[in-house]
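Structure, as structure tokens:
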Amino acid sequence: MPPRDQSVRQILLVGHTHHDVGYTNSPRLVDDLHAETVRRVLELCDTNDGDGPDAFRWTFEVVRPVLRFLEGADAADVERLRRRVAEGRVAVTGGYLNMTQLLSDAELGTAYDALDRLRAVGVDVRTEQHGDVNGTAWGTVDGMRRAGVGRLVMALNPDHGRPPYPQPTGFWWEGPSGGRVFVWLSTHYGIGEEWGIVDGDVEAAEAHVADFVARLEKRDDYPYDTAVVHAANDNRWPTALFLDVVRHWNARHPDVPMRTATVDEALDVLQPQAAGAPVARGEWSDWWAHGHGSTAREVAVYREARSLARAAQTTLGLTRLRGDGEPALADVIGYRRGPVRLRSDAEVARDLARVDADLLLFAEHTWGSWETYSKPYSTFSHSHWNAKAAFAYGAFDVARDMAVEGLFRLVASGPAGGARPHTPGETRIVVVNPTERTRTEPVDVEVAGRHRARTVATVPPFGVTTVPLPAAPGAARPGCELACGPYRVVVDPGRGGVVSLVHVPSGRELVDATVPHGLGAVVTETVVPGSTHPMVVRDPKDFHPDFPGPDFDRRHATGDEEPLVTDGDGWARISWRTTPPGLPAATTTLTLYRDLDVVDLEVALVKPEAFGPESIHVAFPFAVAAPEFLLETAGAVYAAETEQLPDTSKDWYSVQHAVGVHPAGGGPGVLWGTVDAPLVQLGGLHTGEWARTLRAERGYVSSWLMNNLHFTNFQARQEGTRTYRYRFAAAEAVTREQVRVLGRDVAEPLQARAYDGPVTVDGGTGLRVEPADGVLAEVRPTDDGAVRVRVRNVGAAPVEAEVAWDGDGVAGGGRVTLDAFGVADVVLRRVGR
């Protein structure tokens, strides 16, 4: 950027509230109160009217409260909002909430789809605003552009991380497709309260703003003639007190006038001055994402809920196109016995929307209250977390119920002539493929509530197949070695896990023998005794780049029991018990398949409640030298280090479901997927390094299950019992497309159920999306009785895709051209609906 050649000539004061779903009060209350702020803002516009510098102007930092206002507003109130937006007195921004990197591209799309409701009533949306969250997924850029939003304001939190550029400044963020959005990297919004602005403390505000302007004018890298100041803080109720600051300032500083502005107006001023601003391409990896490991169990529930939601969307959508048959109904209101009623189209729309909202509310950035860490035993802290966790469990409950209903309805859908013959009372496994590609994968089902059965099924795209129950596995036998299908494995409990894993077809050893523990080992991380690090002796807030460290004691679980080997029908597994330091014994199970080139690994942990800084990892030390790591984020795959914004997190990453590891110059590698836990560290353990460069000499992937390295908002304790699941495979080459597809497949597994009723479909259901190897497809019933197929291009080359229905009775479909990483919607409708 060229050196500055002008002074700050004006100050724009942007009034808003920072939207926390919780923190200052329970999420049960805060969400409703934010919806009430819309009416209050309109009242303040009326009582502080005009277009002068001290007129009341307001920005809704996120869109959810406005959407909720519109649900109950009459025509007059909707017109009041529309008019104030058109006048420039009010701005509505494009972010649903201040989101973390947990949300997937499907949830990202759902959030941006909600903007259609605003535009339908004449409310324009041009800017997105985020506060507190120190990063966002790379796919956000393309998602914003598709939604017609071209600017992003990021008010980063200064704690636990670094900004990519000095705050404030502007830059252009280039997305995976090459399109760009303008980013205003703002100051933290909290200065609005810290400087006395939101409370109308005119003397304090004047002194702070004057100092801020003076500092901007000393910067050679700030060519803008405008200073933007936030009048906000956490969940502040809208008031007009900050208008006194404007009046007082202008009386004292007529040479540098101040006026209120919306964020839209502020960006309208700043963006034209940003022609020489830097261009950055890559992931905005969030330093605060370590908080995803503060509640490992509930994050896993959230991820399971969205998998079930996608399954429900697909099966209910396919059923709508095929037509309802006579599904097996139950006479007990319960999950195991199937549905007791069938939802109407309106009920499907209502419940899918409920799941959408709960998923977005859980992935929002507020994990706890302002006393969650300092008063972990308080009733308020427990109540707050109960409300937050309820978003994940609420989404899970409804999505699971819909997924069960959808499966029962799909297998009975359409004409009965296609039914596969079956013997009444004969239990089989019915398997549904919710995706556009033929898939051959393991499935694991509960049988009669008494035991589980595992087999491998091949299912055509959007298809159904039925396979017999497999024979019961043989008795477990002791042994440290196992060979099955394309892999040969050796386990050493003394080193915590797998010490050799050979991919027989290629002869490759996948486990790095230079590390002290095996693959699948549980590794604990605690602060060394007697540490004098500031975060230990002074304030946990000092876990911060300014204070690298502390030093950690890292030890892996060990065991002395001989592993147990079990042979099943087409598969074999080896299980071993180890004891992580300071924890009860953990059980790890690795499963191989006779005719399938994947490895499944599960780690069952019991974690008693504990306070104080600690971490738990599951180690995957892959034998890949000089590696490049390809990470799946929402809507994109990026290379760690080389495709990241400057100074974004390299100690840890939050991924969707997949990581690719291969030599940087190309060659054989590993595709790795995580079902339940999003956090990873790469090349080794880096906690507390606050590194500016990723140090990764070997292909080590650490699944960072849990950590307790916080000072506010997140839970002060670590506890929870759960099994964490992984799937990986050797690959002759690792591509971004493979990583993207693996991530989607882990997120949307084959749906399977032990079933003894009739099945009217055997094979494809009628829906076809091509080219199946070039796109991903998401099926969803729409509110108007149709079915939307959202098609995503997973590559950088344009693709012409076709959505079609093979058969009668369905209209719509067609061909669409998808640019690089493009997305398009195609609608199908059953004729006569």
Side-chain angles (χ1 to χ4, degrees), residues 23-24 132-135 156-163 167 188 190-191 193-194 234 286-296 365-378 380-382 384-385 522-557 580-583 607-617 647-653 679 681 684-693 695 702 704-720:
Y23 200 63
T24 61
D132 251 7
V133 185
N134 284 11
L156 304 190
N157 192 304
D159 299 309
H160 284 208
R162 288 189 292 263
Q167 295 172 252
H188 190 243
I191 64 172
E193 185 167 72
E194 180 185 339
D234 299 338
D286 184 7
W287 283 106
W288 275 69
H290 65 313
H292 301 168
S294 68
T295 53
H365 77 298
T366 313
W367 244 239
S369 74
W370 51 12
E371 67 177 42
T372 292
Y373 207 87
S374 60
K375 300 177 182 177
Y377 297 112
S378 75
F380 178 53
S381 292
H382 284 278
H384 193 293
W385 177 240
V522 177
V523 179
T524 62
E525 189 173 45
T526 56
V527 177
V528 297
S531 173
T532 59
H533 190 276
M535 75 164 290
V536 177
V537 301
R538 185 172 65 192
D539 190 335
K541 195 173 185 178
D542 290 335
F543 182 65
H544 188 274
D546 291 345
F547 306 99
D551 293 330
F552 288 96
D553 179 22
R554 293 166 177 146
R555 292 187 288 163
H556 63 83
L583 299 179
K607 177 63 175 69
E609 180 178 275
F611 295 82
E614 60 174 352
S615 293
I616 298 175
H617 303 257
D647 266 349
T648 53
S649 178
K650 294 171 184 174
D651 285 8
W652 52 76
Y653 300 85
L679 287 176
Q681 296 189 25
L685 302 187
H686 304 297
T687 315
E689 292 180 3
W690 308 103
R692 285 192 152 97
T693 301
R695 180 170 52 85
S702 169
W704 196 17
L705 294 183
M706 303 180 188
N707 75 85
N708 197 358
L709 298 165
H710 319 290
F711 68 92
T712 188
N713 188 32
F714 301 108
Q715 299 301 298
R717 63 177 64 79
Q718 283 290 308
E719 52 86 24

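In what follows, every heavy atom counts, from backbone to side chain, and hydrogens, waters and symmetry copies are set aside.
- Shown here for Trp704 and Glu525, the closest heavy-atom pair between the two residues is NE1-OE1, 4.3 Å.
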side-chain contact (heavy atoms from CB on, under 4.5 Å) between Asp132 and Asn713: does it pass, once the steps are laid out? CA-CA 11 Å; Asp132 251 7; Asn713 188 32; over 6 Å; no
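- Note: Arg717 CZ to Tyr377 OH = 7.0 Å, rounded to the nearest 0.5 Å.
- Remark: side-chain polar atoms of Lys650 are paired, donor with acceptor, to backbone N or O of Arg692 under 3.5 angstrom.
- Here the shortest heavy-atom pairing between Pro534 and Asp542 reads CB-OD2, 3.5 Å.
- Aromatic ring pairs are classed by plane angle as parallel below 30°, tilted from 30° to 60° and perpendicular above 60°; the pair His160 and His290 is tilted.
- With rounding to the nearest 0.5 angstrom, the CG atom of Asn157 is 8.5 Å from the NE2 atom of His365.
- Contact between Pro540 and Tyr373 at its shortest, heavy atoms only, is CG-CE2, 4.0 Å.
- Side chains of Gln681 and Ser702: no donor on one and acceptor on the other come within 3.5 Å.
- Taking both residues in full, the closest heavy atoms of Asn134 and Asp159 are given as ND2-O, 3.8 Å, listed atom of the first, atom of the second, then distance.
- Closest approach of His384 and Tyr23 over heavy atoms only: NE2-N, 2.8 Å.
- Side-chain contact between Val528 and Phe552 is absent, with no heavy atoms from C-beta onward closer than 4.5 Å.
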Pair Phe547, His533 - check side-chain contact (heavy atoms from CB on, under 4.5 Å), show working. CA-CA 8 Å; Phe547 306 99; His533 190 276; 3.8 Å; yes
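- Remark: side-chain polar atoms of His617 are not paired, donor with acceptor, to backbone N or O of His556 under 3.5 angstrom.
- Taken from CG in Leu685 to CZ in Arg554, the straight-line distance is 5.0 Å, to the nearest 0.5 Å.
- Ring-plane geometry between Trp287 and Trp652 is classed as perpendicular, the angle between the planes exceeding 60 degrees on a 0 to 90 degree scale with a lower cut at 30.
- Between the side chain of Asp286 and the backbone N or O of Ser649, no donor-acceptor pair lies under 3.5 Å.
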Please test His188 against Glu194 for side-chain contact (heavy atoms from CB on, under 4.5 Å), starting from the C-alpha separation and ending with a verdict. CA-CA 10 Å; His188 190 243; Glu194 180 185 339; over 6 Å; no
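- Taking OG of Ser294 as the start and CH2 of Trp367 as the end, the distance is 7.0 Å to the nearest 0.5 Å.
- Crowding of Asp551 atom CG: a count of heavy atoms from other residues, nucleotides or ligands under 6.0 Å not exceeding 12.
- Rounded to the nearest 0.5 Å, atoms CZ (Phe711) and OG1 (Thr372) are 12.5 Å apart.
- Note that the CD atom of Glu614 and the CG atom of Asp553 stand 12.5 Å from one another [nearest 0.5 Å].
- Considering every non-hydrogen atom in both Pro376 and Ser381, the closest pair reads O-CB, 4.1 Å.
- The distance between the ring centers of Trp690 and Phe543 falls below 6.0 angstrom.
- Contact annotation: the side chain of Leu679 approaches that of Asn707 to within less than 4.5 Å [non-hydrogen atoms, C-beta and beyond].
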